[in-house]
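Just below is one structure, and these are the notes that go with it.
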Protein chains: 2
Amino acid sequence: MTEGVRRRRIDGGGESETRDALVRATAQIMLEEGYAAATSRRVAARAGIRPPLVHYYFPTMDDLYLAVFREGAEANLKRLKAALADQQPMRAVLQLHSDPKGTALQMEFMALSNHRKAIRSEIAAYGLRFREIETAAFAMLLGARGIDPHDLPAVAVSVAVTCVTRTLVMETELGITGGHDQTRRLLDDLVRQLELRPSQTDHSPD
Amino acid sequence: MTEGVRRRRIDGGGESETRDALVRATAQIMLEEGYAAATSRRVAARAGIRPPLVHYYFPTMDDLYLAVFREGAEANLKRLKAALADQQPMRAVLQLHSDPKGTALQMEFMALSNHRKAIRSEIAAYGLRFREIETAAFAMLLGARGIDPHDLPAVAVSVAVTCVTRTLVMETELGITGGHDQTRRLLDDLVRQLELRPSQTDHSPD
DNA sequence: GTCTATAGACGGATAGAC
DNA sequence: GTCTATCCGTCTATAGAC
């Protein structure tokens, strides 16, 4: 198996310990100090290697950023599918959406995509895939409840869940939490209609 | 942050044409290419001056970023107050929240604040002020409609409006628009209760 | 107020030894 | 695969002439 001079190993994870350490280090730095701090020298230091080795695994920094995004996105889609297979899928999905690290990383990549066009399309593609899967699952839940899609479209629930959870996480990171509980209750009112509880426990005082 | 040696004119706008041009240029570059592209050299070029002059008006780049944020925030609060005084306040507020440029700039500053702590507290303070004003106004509208704050808290409406509009704008920028119309309808259902249309103003309890 | 010149740090990326 | 050494570009910021 001969390797081209310029075509280096920027493929999927699990093949090289160093490569995986680099991806992990980059994600951590992006989370802690923002994407602008994830320079080749700093990710190398965090991963315990020398800077030039970064370019052995990732010819350009964009390749590294894309690897971080792709592996995070793939892991997230796996988590989504697991959540949708949960006994209380809505509870599990809301919990997944409310993960602070996932949201923060997503924000960093959105900012990055502002001047790295290669990353922008990747984010959009992932966002579409995520929403399609979630919407299909919600549609089934709504259908099982006999809810008319015209009254409450599954895609609207998916979008609304994304909107509320993401913004609440961002504000919480900033230190703003006023009104969050009340807003979550609003979302719960919307979302409770989709939850088929195993024991139909009703604890909502109407 | 270097403190004290040189105290230059980094105060409010309107006093220097060059200073205002710098602030405008910085905002434009942040919008078009992201905050990382708003370097001293590039904002100088866009403003038609030489790089060192940037530091005459703004000792550090953080000072410049803060000026951009402060002036944008102040203008936005003015717009909010005008919208709340509109005959159809909810329509006007929703329109204000849906401004793509305002949202995009806000996102850039949130990303910036990740590793520029001085900016973080400024954003939080502005966010709190904005929400307080909006919530107070919504509370009056809800009260005029005789709606129990326990059923629909004004602060929850304010948060929900922020959540949905901001996320929809961000997704639209990315090229994702599926489900947006349906979600807006959902928000409208929530928000319509607050709108006192001119044709219905004769019905005002309390 | 605006400029030229430049210091000094940091960054991406490559060559080539081992 | 990993290293040392290095090139070259860009950045923030300052000094000082005008």
Side-chain angles (χ1 to χ4, degrees), chain A residues 1-26 29-30 33-68 112 115-119, chain B residues 1-26 29-30 33-68 112 115-119:
Chain A
M1 197 105 53
T2 51
E3 288 202 19
V5 176
R6 288 215 139 263
R7 208 72 336 252
R8 286 153 174 172
R9 9 183 31 277
I10 60 172
D11 334 52
E15 296 171 1
S16 157
E17 184 51 49
T18 304
R19 201 206 90 107
D20 292 348
L22 270 174
V23 172
R24 275 197 307 273
T26 305
I29 292 177
M30 287 180 77
E33 306 174 69
Y35 74 84
T39 66
S40 59
R41 289 167 146 88
R42 291 202 220 179
V43 297
R46 171 81 70 122
I49 61 170
R50 301 287 171 180
L53 197 52
V54 174
H55 296 295
Y56 171 76
Y57 287 99
F58 304 97
T60 72
M61 290 305 286
D62 270 20
D63 294 320
L64 173 55
Y65 298 143
L66 268 178
V68 173
L112 235 186
H115 56 294
R116 309 264 190 164
K117 301 308 173 190
I119 291 170
Chain B
M1 316 315 155
T2 47
E3 179 71 16
V5 179
R6 299 224 176 187
R7 193 127 290 280
R8 286 152 173 173
R9 14 185 23 279
I10 58 172
D11 336 51
E15 296 171 2
S16 157
E17 183 53 47
T18 305
R19 201 206 90 107
D20 292 346
L22 270 174
V23 172
R24 274 197 308 273
T26 305
I29 291 177
M30 288 180 77
E33 307 174 69
Y35 74 84
T39 67
S40 58
R41 288 164 143 87
R42 292 202 218 179
V43 298
R46 171 82 70 125
I49 60 171
R50 301 286 172 181
L53 196 52
V54 174
H55 297 294
Y56 171 76
Y57 288 99
F58 305 97
T60 72
M61 290 305 286
D62 270 20
D63 294 320
L64 173 55
Y65 298 143
L66 267 178
V68 173
L112 232 187
H115 57 293
R116 309 266 191 162
K117 301 308 173 190
I119 290 171

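Per chain, numbering begins at 1; letters A, B, ... match sequence-line order. Everything numeric in this text was worked out from a predicted model, so none of it was measured.
Look at NE2 on B:His115: it is 15 Å from P on C:dC10, rounded to the nearest Å. The distance from atom CG of B:Leu64 to atom P of D:dA13 is 10 Å, rounded to the nearest whole Å. When the P atom of C:dC18 is taken as reference, atom OH of A:Tyr56 falls 19 Å away, rounded to whole Å. When the P atom of C:dG12 is taken as reference, atom CG of A:Leu22 falls 13 Å away, rounded to whole Å. Taking atom CD1 of A:Ile49 as the reference point, atom P of D:dC3 lies 7 Å away to the nearest angstrom. In this structure, the CE atom of B:Met61 is 16 Å from the C1' atom of C:dA9, given to the nearest Å. Separating the NE2 atom of B:His55 from the P atom of D:dT12 is a distance of 6 Å, rounded to the nearest angstrom. In this structure, B:Arg41 atom CZ and C:dC10 atom C1' are separated by 12 Å, rounded to whole Å.
Residue contacts shown for A:Pro52 include a base, since a base heavy atom lies under 4.0 Å away.
OP1 or OP2 of C:dG11 lies within a sub-4.0 Å distance of a side-chain N or O belonging to A:Arg42. Distances shown here put a side-chain N or O of A:Tyr57 below 4.0 Å from the OP1 or OP2 atom of D:dT2. For A:Ser16, no side-chain nitrogen or oxygen approaches OP1 or OP2 of D:dG1 to under 4.0 Å. Remark: B:Ser40 is in phosphate contact with D:dT12, judged by side-chain N or O atoms under 4.0 Å from OP1 or OP2. Proximity of A:Thr39 to the phosphate of C:dC10: no side-chain N or O atom is located under 4.0 Å from OP1 or OP2.
With contacts defined as side-chain heavy-atom distances shorter than 4.5 Å, the pair A:Met30/A:Leu112 qualifies. Considering only heavy atoms from C-beta on, A:Leu53 comes within 4.5 Å of A:Tyr56 through its side chain.
A donor-acceptor distance shorter than 3.5 angstrom exists from the side chain of B:Tyr65 to the backbone of B:Ala38, with no hydrogens or angles considered.
Remark: the B:Ser16 side chain and the B:Tyr57 side chain contain an N/O donor-acceptor pair separated by less than 3.5 Å.
Ion pairing between B:Glu33 and A:Lys117 fails under the 4.0 Å rule for side-chain N and carboxylate O.
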